[in-house]
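Notes follow the structure.
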Number of protein chains: 2
Amino acid sequence: MMRRPTLHAVAARAGVSKSSVSRVINGEPTVAPSIRETVLAAVAELGYVPNGAARNLVTQRTNTIAIIVSDPPQGLVSDDPMFAMVVRAASRELERTGFQVSLVLAGSDDSRRRVEQYLAGGHVDGAILVSMDGADPLPASLSRTGLPIVSHGRLATPGLMPWVDNDNQGGATQAVQHLLDQGRRRIATISGPLDMTAAQERLAAYRDTLKDTGRRSIVALGDFTRISGAEAMRQLLDDDPQLDAVFAANDLMAIGALRTLREAGRRVPDDVAVIGFDDIEAARYTAPALTTIRSPMTDQAVRTTQLLLDLLSTGAATPVVLPTELIVRESA
Amino acid sequence: MMRRPTLHAVAARAGVSKSSVSRVINGEPTVAPSIRETVLAAVAELGYVPNGAARNLVTQRTNTIAIIVSDPPQGLVSDDPMFAMVVRAASRELERTGFQVSLVLAGSDDSRRRVEQYLAGGHVDGAILVSMDGADPLPASLSRTGLPIVSHGRLATPGLMPWVDNDNQGGATQAVQHLLDQGRRRIATISGPLDMTAAQERLAAYRDTLKDTGRRSIVALGDFTRISGAEAMRQLLDDDPQLDAVFAANDLMAIGALRTLREAGRRVPDDVAVIGFDDIEAARYTAPALTTIRSPMTDQAVRTTQLLLDLLSTGAATPVVLPTELIVRESA
DNA sequence: GCACACTCAGGGAACGTTCCCTGAGAGGGA
DNA sequence: TCCCTCTCAGGGAACGTTCCCTGAGTGTGC
């Protein structure tokens with residue numbers, strides 16, 4: 001394969017110095033129109049494209065941002081809509097502002113070391129951490145690199161970096177209140193994994209809201225997947241066959257719960273009301289359609305990206321909490 | 001922010017030449033144990049991490065692979081499970097083999113130029129194209145860069161690059177045959193966007209299979225999204241209220257169709273049988289559970305990645321077709 | 001008419017690695 | 001004992017840019 005042309009080659013072709021070519025390439029104004037034209041012609045003729053590595057080396061910038069998502073350790077590859085929405089929205093925003101995106105999966109402990117090395121190796125100008133769980137040591141160690149980093153979702157350890165999250169507490173309160181308003185008496189919940197702040201906050205809000213009414217909480221644990229929602233629902237039905245409402249901490253688990261209820265012969269919402277959280281697109285397509293709390297996922301990703309851009313340009317950024325909204329459909 | 005230590009600094013600290021440090025870092029065997037130890041100590045002490053750009057510049061390699069996915073031009077961000085599955089599986093495989101992943105969204109014409117420049121700029125060692133539609137000029141222009149590139153999904157223009165696809169024709173034939181075996185008489189289909197080869201092949205197989213039985217085809221067009229499936233189903237019911245089966249070219253559209261049928265008061269599968277394609281996880285959670293054709297998405301992504309690795313190491317790679325499987329659940 | 005400012009092109013160091021080449025020293029064979 | 005080979009450390013060029021600095025040339029003000 002032929003070696004790609006360099007700045008030098010263009011300079012020779014155009015009969016000018018490489019400094020001038022560099023100036024034209026970078027759009028500096030202090031260059032005579034005649035030279036600019038000659039250079040542009042030579043660039044087009046040779047098909048010149050600046051070498052990224054050389055540029056990065058001398059400028060000490062890469063124009064690349066890492067999106068770091070935690071990868072479930074199990075061999076399974078999940079179709080989590082969150083992943084698609086967040087990665088897509090953030091990537092789009094980054095590309096719009098002229099950055100490349102480096103996607104990094106943080107799975108095993110082994111890969112964590114790799115991530116640290118990668119960030120420390122100057123490959124990126126900054127990073128976005130997506131939905132890290134509280135047990136993960138990665139945020140702490142990465143924040144020590146001194147690189148500009150923001151988190152999509154509040155971290156368990158406060159103060160490490162700026163973040164953007166939705167109002168989990170407010171949303172969960174809305175959800176449970178809606179069930180109460182309907183006159184539901186035994187309201188259970190399917191919680192997310194408790195090492196994630198979103199799950200903690202939603203569970204806490206559920207408990208607080210119920211407590212005010214003197215009702216007892218009925219809790220089953222899931223991990224934000226459909227199958228865990230289905231299993232948790234089965235367990236809830238065993239624990240309390242009389243329950244007449246369930247608040248699932250996300251839509252995926254609500255979808256799982258819906259399936260279990262159907263298998264158990266319970267009618268939704270007549271026998272049991274179900275409400276989810278997130279308002280993913282699939283929530284419009286369940287039978288019955290899922291009542292849920294809309295959390296602005298795309299928005300959150302965009303805002304997180306903008307927070308990083310702020311951090312890069314101004315050196316400072318403050319956390320953001322986005323409001324949620326109750327979406328009433330058929331299931332509650 | 002303090003400048004990160006360089007090879008030179010480590011060499012000075014360890015009292016050896018930078019050549020020796022470089023040798024230790026890169027694990028070359030021709031270095032005395034005593035020197036290796038001293039260097040390793042200095043590396044640990046200073047927290048040295050090699051600079052990526054400098055390394056890339058001199059080695060002419062980046063250890064980075066681009067995953068290029070077409071981004072729908074509409075402002076919408078979709079939660080397409082395909083995106084999550086494919087990007088995740090491919091990324092995991094790439095990271096496992098020591099590559100970084102650069103995620104590139106190819107949307108507007110403007111961004112296409114950006115992508116070409118990016119690949120030509122030597123930022124990556126190779127690229128994976130994901131599910132490009134036939135109208136997209138990107139594959140052709142990218143293959144002209146001479147970079148090793150493979151495609152996830154067969155391209156409309158053959159011969160541009162190696163690819164991995166599943167057996168669309170076989171799968172669609174299985175699906176329609178299953179409906180015929182059930183004694184269904186009026187079998188409609190919801191096709192995907194016809195500029196994608198997967199949609200073309202599935203539609204062609206539907207037509208061929210029906211033709212052999214003397215039945216006429218009833219076709220509505222979708223674009224692989226849930227909402228398009230719902231709309232197409234509505235149109236099909238208008239066109240032929242007597243239809244008793246639908247083959248949707250993917251599960252997302254089947255899910256949309258299911259909703260329309262429910263709204264129209266048709267029972268599935270009693271009145272109308274529905275069969276999808278892909279076997280995404282959500283297919284297990286519809287009511288009724290979706291009968292579908294399993295296409296090995298994760299597998300396909302992994303195989304595509306391996307194809308690229310082959311291409312990188314051996315310079316050659318041949319297309320792969322993966323088999324599909326009929327998964328019978330409740331909807332047909 | 002002369003000095004001075006101002007514009008703009010070119011030369012070359014620097015960025016932080018890798019890798020080739022040289023050469024010092026050790027070891028072994030005749 | 002001498003020479004040849006072999007091992008392994010160091011020096012320095014090269015990778016392809018950017019950017020600072022120098023200096024040539026032109027224009028301007030008095």
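Letters A, B, ... are given to chains in the order of the sequence lines, protein chains preceding strands, and every chain is numbered from 1. Note: hydrogens, waters and symmetry copies are ignored here, and every other heavy atom, side chains too, is used. The structure presented is a predicted model; accordingly, all values stated were derived computationally and were not measured.
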Specify the separation, in whole Å, of atom [atom1] of [X] and atom [atom2] of [N].
X     : N      : atom1 : atom2 : result
B:E28 : C:dC20 : CD    : C1'   : 12 Å
B:R55 : C:dC19 : CZ    : C1'   : 13 Å
A:L7  : C:dG10 : CG    : C1'   : 13 Å
A:I25 : D:dT17 : CD1   : P     : 9 Å
A:Y48 : D:dG16 : OH    : C1'   : 7 Å
A:K18 : D:dC20 : NZ    : C1'   : 12 Å
A:Q60 : C:dT17 : CD    : C1'   : 12 Å
A:H8  : D:dT18 : NE2   : P     : 15 Å

Exercise. Please report the closest heavy-atom contact between B:L7 and B:K18, naming both atoms and the distance.
Key: CD2-O, 3.8 Å
Quiz prompt | Nearest heavy atoms of B:M161 and B:P139, plus distance in Å | solution = CE-O, 3.8 Å
Quiz item: So what is the end-to-end bend of the helix from C:dG1-D:dC30 to C:dA30-D:dT1, with 5 pairs used at each end and the value given to 10 degrees?
Solution: 50°
Quiz prompt | Test: B:R96 and B:E93 ion pair at under 4.0 Å | solution =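 So B:R96 pairs with B:E93 through a salt bridge.
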Quiz item: Would you call B:D79 and A:R88 a salt bridge, taking side-chain N to carboxylate O under 4.0 Å as the test?
Solution: no
Quiz prompt | Residue whose nearest DNA chain D nucleotide is more 5′ - A:S19 or A:A54 | solution =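 Whichever sits nearer the 5' end wins; that is A:A54.
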Look only at the side chain of [X] and the backbone of [Y], and say whether a donor-acceptor pair between them is shorter than 3.5 Å.
X      : Y      : answer
B:T314 : B:L311 : no
A:N26  : A:E28  : no
A:D71  : A:A106 : no

Quiz item: Can you find a side-chain donor-acceptor pair between A:T62 and A:N56 that sits under 3.5 Å?
Solution: no
Exercise. May I ask you to check whether B:Y118 and B:S102 show a side-chain donor-acceptor distance below 3.5 Å?
Key: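 Yes, B:S102 and B:Y118 have a side-chain donor paired with an acceptor closer than 3.5 Å.
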Quiz prompt | Selection: residues 29-41 of chain A, any non-hydrogen atom under 4.0 Å of DNA chain C | solution =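 A:T30, A:V31, A:A32, A:I35 - these, ordered by number, are the residues of the stretch whose heavy atoms sit under 4.0 Å from the strand.
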Exercise. Examine the base of D:dG10 for any acceptor or donor lying under 3.5 Å from a partner atom in the side chain of B:S20, and report the outcome as yes or no.
Key: no
Quiz item: Does any donor-acceptor pair link the side chain of B:R4 with the base of C:dG16 at a separation under 3.5 Å?
Solution: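 It does not, because no donor-acceptor pair links the side chain of B:R4 to the base of C:dG16 below 3.5 Å.
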Self-check item: Among C:dC20, D:dG12, D:dG16, the one nearest A:L57 by side-chain distance
Solution: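 Minimum distance to the A:L57 side chain belongs to D:dG16.
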Exercise. Apply salt bridge (Lys or Arg N to Asp or Glu O under 4.0 Å) to A:R23 and list each qualifying residue two or more places apart in sequence or on a separate chain.
Key: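 Once residues adjacent in sequence are excluded, A:R23 has no partner under the salt bridge (Lys or Arg N to Asp or Glu O under 4.0 Å) criterion.
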Quiz item: Taking only N and O in the side chain of A:S17, is any of them less than 4.0 Å away from OP1 or OP2 of C:dG10?
Solution: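 Affirmative; the distance criterion is met.
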Quiz prompt | Short side-chain N/O contact to C:dT18 OP1/OP2 from B:S22, under 4.0 Å | solution = yes
Quiz item: How is B:N26 classified with respect to the nucleic acid when contacts are heavy atoms under 4.0 Å: base, sugar-phosphate, or nothing?
Solution: sugar-phosphate
